[in-house]
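As the structure lists them, so they are numbered: ligands from 1, and atoms in each ligand from 1.
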Amino acid sequence: MYRTHTCGQLRKENISQTVTLAGWVQKIRNLGAMTFIDIRDRYGITQLVVEEHATEAVRETASSLGREFVIQTTGRVVERSAKNPKLPTGEIEVVVEALKVLNASLTPPFTIEDQSDGGDELRMKYRFLDLRRNPLKNALILRHKLTHEVRSFLDQRGFLEIETPYLIGSTPEGARDFVVPSRMNPGEFYALPQSPQTFKQLLMVAGYDRYFQIVRCFRDEDLRADRQPEFTQIDCEMSFVEREDILENFEAMAKHLFKTLLDIDFPEAFPRMTWADAMEKYGSDKPDIRFGMTFNDITKLAQGKGFGVFDSAEYVGAICAEGCAGYTRKQLDELTEFVKRPQIGAKGMVYVRIDADGHYKSSVDKFYTPEDLSVWAQACGAKPGDLLLILSGPRKQTLSALCELRLEMGSRLGLRDKSRFAPLWVVDFPLLEWDDETQRYYAMHHPFTSPKPEDIDLFDTDPGKVRANAYDFVVNGVEVGGGSLRIFDSALQNKMFQVLGFTPEEAQRQFGFLMNAFKFGAPPHGGIAFGLDRWCSLFGGADSIRDFIAFPKNNSGRDTMIDAPAPLAQAQLDELSLEVREPVKK
Ligand code: ASP
């Protein structure tokens with residue numbers, strides 16, 4: 001037997017037992033007469049003590065140990081004289097009677113501590129060592145628990161977990177596909193699924209009315225903290241449901257996860273907000289509603305007083321930062337610089353301070369009287385001590401710049417506490433999005449999303465106004481899930497393809513299988529998919545999803561540990577009938 005207990009298991013009750021432990025050397029302290037060794041495994045750390053009167057063999061082995069050696073020891077559990085209340089095993093130690101090196105280790109390139117001295121790149125290259133650290137271990141445990149709770153919740157509600165293939169054709173989620181050449185079909189390629197969307201719909205046609213899958217999805221997109229080229233969805237679909245049934249079911253799942261993982265109750269229903277309101281009040285389809293500071297449209301109030309910037313603007317919007325009238329020149333300059341960053345793109349920022357006595361001071365005093373400013377303040381619900389921050393310009397860009405400014409202010413004012421959660425549903429998205437560059441409509445969600453029945457007539461007259469029966473689940477400004485009721489009628493589906501600019505032949509070639517299936521009794525259906533990695537990072541209080549993935553890619557989509565992607569050998573290329581045009585840069 002390699003071990004009788006784990007390294008996190010022994011307590012006072014075990015005193016005077018003889019135990020065998022196995023694990024890694026965390027730390028060695030040689031105090032002359034005695035040597036202390038911390039032994040670690042996934043479960044914790046136990047202190048071993050090699051006493052002066054230990055056998056020669058034990059003392060010799062102890063002196064040969066280095067960090068991360070794998071050892072096995074047998075000894076007696078005794079009460080510690082100097083207890084360590086920070087360790088669950090801190091009341092005891094094990095007096096070593098036998099000690100064996102199971103495997104030596106090179107000195108690790110960084111410290112295996114909660115706070116490691118290793119840089120990001122080095123830790124990615126030695127991910128197997130990084131994973132020995134507590135923060136990563138806890139992240140993977142959280143992920144396991146979350147997955148487990150999802151499965152048990154959905155199982156209880158009659159959902160079947162069904163796998164769908166990875167080697168498929170193009171899927172319509174709007175990103176680039178990863179493709180895989182087919183050796184047996186030279187010159188032809190599979191695409192990896194961006195989501196199992198079409199397959200889960202086919203499962204509905206097949207009669208599996210409650211489906212889910214915890215499934216890897218692949219999207220060739222530029223990476224960010226919350227994006228990886230392969231990520232995991234909790235993918236779900238239901239038949240014979242209306243929107244309400246789906247929202248009820250998955251709101252219950254979300255509440256179950258908050259309760260079981262974080263012990264947080266949400267007695268009330270999650271708020272719902274239309275997409276139009278979210279854009280108007282927060283400038284985002286994933287509003288962070290942990291704090292207010294919503295937008296106020298003061299376009300009309302601000303125009304006609306000779307201030308050219310506002311007069312010529314399509315939109316003038318203000319947020320009210322409570323209690324910030326004391327902001328210094330420097331702080332205001334910083335904010336102006338912030339909104340002028342190229343990614344945010346505002347031309348400038350106007351402020352109005354309302355001091356404690358109700359006096360107004362603004363950066364546009366030349367154009368506006370205190371009475372003018374007080375009208376704005378009123379429109380924004382501002383009171384003495386508050387600060388108005390105002391941006392103007394084209395509507396869409398200004399709303400999104402104001403969104404960034406609001407989030408920045410929220411962060412500065414400590415209003416985005418990671419231990420507080422504010423979930424909501426955003427509903428009634430537009431069905432289509434116009435793209436100026438390609439002069440065509442794109443599906444905002446995907447082409448199988450059903451329009452709201454009352455908007456179907458607009459399809460022919462004003463497609464941009466058609467609202468979708470789509471919904472997103474948003475928590476703290478993060479889109480955690482999204483889905484829709486689907487089109488299940490082949491004529492309507494055809495119409496949708498047509499609006500999206502597909503010729504009937506293209507639609508047939510790409511999605512003929514689904515259209516065909518719809519002719520064989522497709523039930524009304526709808527579903528949702530959640531980003532498992534995002535859910536984990538939210539619950540784990542982290543910004544990046546990377547820590548919750550055992551072996552993630554870096555920002556250039558590389559796995560630096562196994563050094564992938566890599567060029568293929570000529571023989572492999574030949575076998576696949578592939579020719580690489582550019583010399584491969586390495
Ligand atoms: N397939 C969609 C997605 O990946 C989710 C859904 O509509 O169920 O976003």
Side-chain angles (χ1 to χ4, degrees), residues 150 154 159-166 168-178 191-205 208-221 226-239 241-243 245-251 253-254 275 285-286 425-433 442-452 467-475 478-488 493 496 500 510-511 514 522-535 545:
V150 166
L154 291 175
F159 283 77
L160 293 181
E161 186 166 11
I162 303 174
E163 286 171 281
T164 52
Y166 280 165
I168 62 169
S170 200
T171 34
E173 299 290 355
R176 262 185 229 103
D177 290 322
F178 281 102
L192 299 179
Q194 293 182 32
S195 82
Q197 185 62 38
T198 47
F199 285 94
K200 67 174 170 176
Q201 291 193 244
L202 290 170
L203 285 170
M204 295 304 112
V205 181
Y208 295 84
D209 64 339
R210 289 182 164 218
Y211 141 95
F212 86 102
Q213 183 180 191
I214 296 185
V215 62
R216 200 69 57 82
C217 299
F218 306 85
R219 295 185 191 178
D220 188 1
E221 298 179 291
D226 62 353
R227 270 200 195 149
Q228 280 276 309
E230 45 179 313
F231 61 97
T232 305
Q233 281 190 346
I234 305 163
D235 190 46
C236 313
E237 196 77 5
M238 302 168 83
S239 291
V241 283
E242 289 172 344
R243 185 181 83 177
D245 302 302
I246 298 179
L247 298 192
E248 183 284 321
N249 190 72
F250 292 101
E251 182 158 326
M253 183 177 97
W275 177 87
D285 57 6
K286 38 179 188 292
W425 293 103
V426 177
V427 297
D428 296 352
F429 280 74
L431 187 71
L432 303 161
E433 217 174 359
Y442 284 86
M444 193 137 180
H445 200 54
H446 51 60
F448 312 119
T449 296
S450 149
K452 285 181 89 86
R467 286 167 306 160
N469 232 330
Y471 30 80
D472 272 2
F473 181 60
V474 175
V475 184
V478 177
E479 181 199 325
V480 181
S484 58
L485 289 189
R486 322 300 185 189
I487 299 171
F488 63 102
Q493 187 63 71
M496 179 73 173
L500 292 174
Q510 249 187 296
F511 302 115
L514 189 70
H525 61 285
I528 191 165
F530 295 95
L532 174 68
D533 315 280
R534 284 192 190 166
W535 213 322
I545 61 172

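Counting non-hydrogen atoms of other residues, nucleotides and ligands closer than 6.0 Å to CD of Glu242 gives a total of 12 or fewer. The 12-atom threshold is not exceeded at OH of Tyr208, counting heavy atoms of other residues, nucleotides or ligands nearer than 6.0 Å.
Checked by atom type, the side-chain pair Thr164/Gln213 shows a donor-acceptor distance below 3.5 Å.
Within 4.0 Å of ligand 1, protein heavy atoms come from Glu173, Ser195, Gln197, Lys200, Arg219, Gln233, His445, His446, Gly482, Gly483, Arg486, Gly527, Ile528, Ala529.
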Please test Glu221 against Arg227 for salt bridge (Lys or Arg N to Asp or Glu O under 4.0 Å), starting from the C-alpha separation and ending with a verdict.
CA-CA 8 Å; Glu221 298 179 291; Arg227 270 200 195 149; 3.6 Å; yes

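Between Arg216 and Asp235 there is no salt bridge, since no side-chain N of the basic residue sits under 4.0 Å from a carboxylate O of the acidic one.
A side chain to side chain contact (heavy atoms under 4.5 Å, CB included) with Phe218 is found for one member of Ser195, Pro193, Pro229 and no other, namely Pro193.
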